[in-house]
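Just below is one structure, and these are the notes that go with it.
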Protein chains: 2
Amino acid sequence: MINTRVAVAVHILALIASKPHEDLPSDYIAASVNTNPVVIRRLLGMLKKAGLIQTTAGKAGASLTRPPSDISLLDVFRAVEPKDHLFAVHDNPNPHCPVGKSIRHVLDDAFGTAQAALERKLSSETIETILHHLFEEE
Amino acid sequence: MINTRVAVAVHILALIASKPHEDLPSDYIAASVNTNPVVIRRLLGMLKKAGLIQTTAGKAGASLTRPPSDISLLDVFRAVEPKDHLFAVHDNPNPHCPVGKSIRHVLDDAFGTAQAALERKLSSETIETILHHLFEEE
DNA sequence: ATACCCTGTAATTATAATAGTTACAGGTGG
DNA sequence: CCACCTGTAACTATTATAATTACAGGGTAT
């Protein structure tokens, strides 16, 4: 199971996007997510490093660097998840076994294809579509 | 990152499928994977419970219950990964916050769609295609 | 029947990731 | 200057994973 960082980061961005004229302190966001403010500040740091938001040390409030429609869940995923391989593959299979010899390469290919499909879908969902689902019931 | 169980399980099934007339003991498979035989026997247990293989207590060797072309990586994934949600979502967001109130449902939807894309791809890769890539260079 | 190799599984351990928390240095702005 | 904030290091608790030891009991050849 993938950690909650992606989910919390989307929550954070949705909050910021939904109140573009308010400066939300990390304590406020933490109360909405129901966690510790430091957890929020850590995630804000990763989102900032990824170029998705801007913040000012000492001053409450973060703002998106681009419109919500230009921030995909894939952007968020990559911002808070350093690993580029979704599936782990065991190290050092026996190189003298015909299966062990090539399995890593073959699995990397197979898993990579599947991961690409996941990422394609994640890139089609944005903070805007999340906001839409949050606020516009249909 | 998803654990190595999926990768090891595919390795195991590829070995079994590639030597259908040999009774491979767990020690042999463990030597190819480069891990402990108990790790292999545990995975064989999960694959058996999922109906993908047959084994006999006390007797070496496992056999596939269906042709390699009928065992997809999704079957393997589901056999060794009990969780049905790929992405974790934080519990107890603040129900008094308009974002917190609905975020879980919205995220479950968004992540579920992405997971479905991943699974669709995984279901199109089989032990047979893995064998093909392992042994038939092109 | 017995000796040997095997499976199935429980129990234990080591390691690593995650999330929560405390603490504090330093920026911001009334 | 003072209250409030961010950024970040450090520590802790919890959990998942994988490796390992141990052993009860099945299978089979002799």
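All chains are named by letter (A, B, ...) in the order of the sequence lines, taking the proteins before the strands, and each is independently numbered beginning at 1. As a basis for the values below, the full set of heavy atoms in this structure was taken, side chains included, without hydrogen atoms, waters or symmetry mates.
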Would you say that B:L44 contacts B:I53 through its side chain, given a criterion of any heavy-atom pair below 4.5 Å between the two side chains?
yes
Rounding to an integer number of Å, can you tell me how far A:D91 CG sits from D:dT17 P?
17 Å
CD1 of B:I29 versus P of D:dA19: gap in Å, rounded?
15 Å
Scan residues 14-62 of chain A for pairs that pass ring-ring contact (aromatic ring centres under 6.0 Å, His included), counting only residues two or more places apart or in two chains.
none
Write out all pairs satisfying side chain to side chain donor-acceptor pair (under 3.5 Å) with one or both partners inside residues 54-65 of chain A, taking only residues at least two apart or from two chains.
A:K48-A:T55
Could you name each residue pair satisfying salt bridge (charged side-chain N to carboxylate O under 4.0 Å, His left out) that touches residues 22-47 of chain B, not counting sequence neighbours?
none
Hey, could you give me each pair passing side chain to side chain donor-acceptor pair (under 3.5 Å) that has a residue in residues 30-40 of chain B? Not counting sequence neighbours.
B:H11-B:S32
Spacing between A:L44 atom CG and D:dG7 atom P, to the nearest angstrom
7 Å
Value in whole Å for how far the C1' atom of D:dT6 lies from OH of A:Y28
19 Å
Who are the side-chain contact (heavy atoms from CB on, under 4.5 Å) partners of A:K101, not counting sequence neighbours?
none
Looking at residues at least two apart in the chain, or sitting in another chain, which of them share a side chain to side chain donor-acceptor pair (under 3.5 Å) with A:E128?
none
Between the protein and nucleotides 24-30 of chain C, are there any N/O to N/O pairs under 3.5 Å, and if so, what are the atom names and distances?
residue : atom : partner : partner atom : Å
C:dG27  : N2   : A:G58   : O            : 3.0

Using a 3.5 Å cut-off and no angle test, enumerate the donor-acceptor pairs between side-chain atoms of residues 78-87 of chain A and protein atoms at least two apart in sequence or in another chain.
residue : atom : partner : partner atom : Å
A:R78   : NH2  : A:E119  : OE1          : 2.8
A:E81   : OE1  : A:N3    : ND2          : 3.2
A:E81   : OE2  : A:K83   : N            : 3.3

Exam field: side chain A:S72 to backbone A:D75, donor-acceptor pair closer than 3.5 Å
yes
To the nearest angstrom, how far is B:Q54 atom CD from C:dT7 atom C1'?
15 Å
Listed pairs, N/O of protein and of nucleotides 1-4 of chain C, under 3.5 Å:
none

With sequence neighbours left out, write down each residue that passes side-chain contact (heavy atoms from CB on, under 4.5 Å) with B:E125, or none if nothing qualifies.
A:A110, A:T113, B:L73, B:T129
A:D23 CG to D:dC4 P: how many Å, rounded?
16 Å
Whole-Å distance separating the CG atom of A:L43 from the C1' atom of D:dT6
14 Å
Please list, chain by chain and in numerical order, all residues satisfying side chain to side chain donor-acceptor pair (under 3.5 Å) with B:R104, sequence neighbours excluded.
B:D91
Whole Å only: how far is the CE atom of B:M46 from the P atom of C:dT9?
11 Å
Using a cutoff of under 3.5 Å, can you pull out all pairs of nitrogen or oxygen atoms linking the protein to nucleotides 16-21 of chain C, with atom names and distances?
residue : atom : partner : partner atom : Å
C:dT18  : OP1  : A:N3    : ND2          : 3.1
C:dA19  : OP1  : A:T4    : N            : 2.7
C:dA19  : OP1  : A:T4    : OG1          : 2.3
C:dG20  : OP2  : A:T35   : OG1          : 2.6
C:dG20  : N7   : A:R42   : NH2          : 3.0
C:dG20  : O6   : A:R42   : NH1          : 3.4
C:dT21  : O4   : A:R42   : NH1          : 3.3

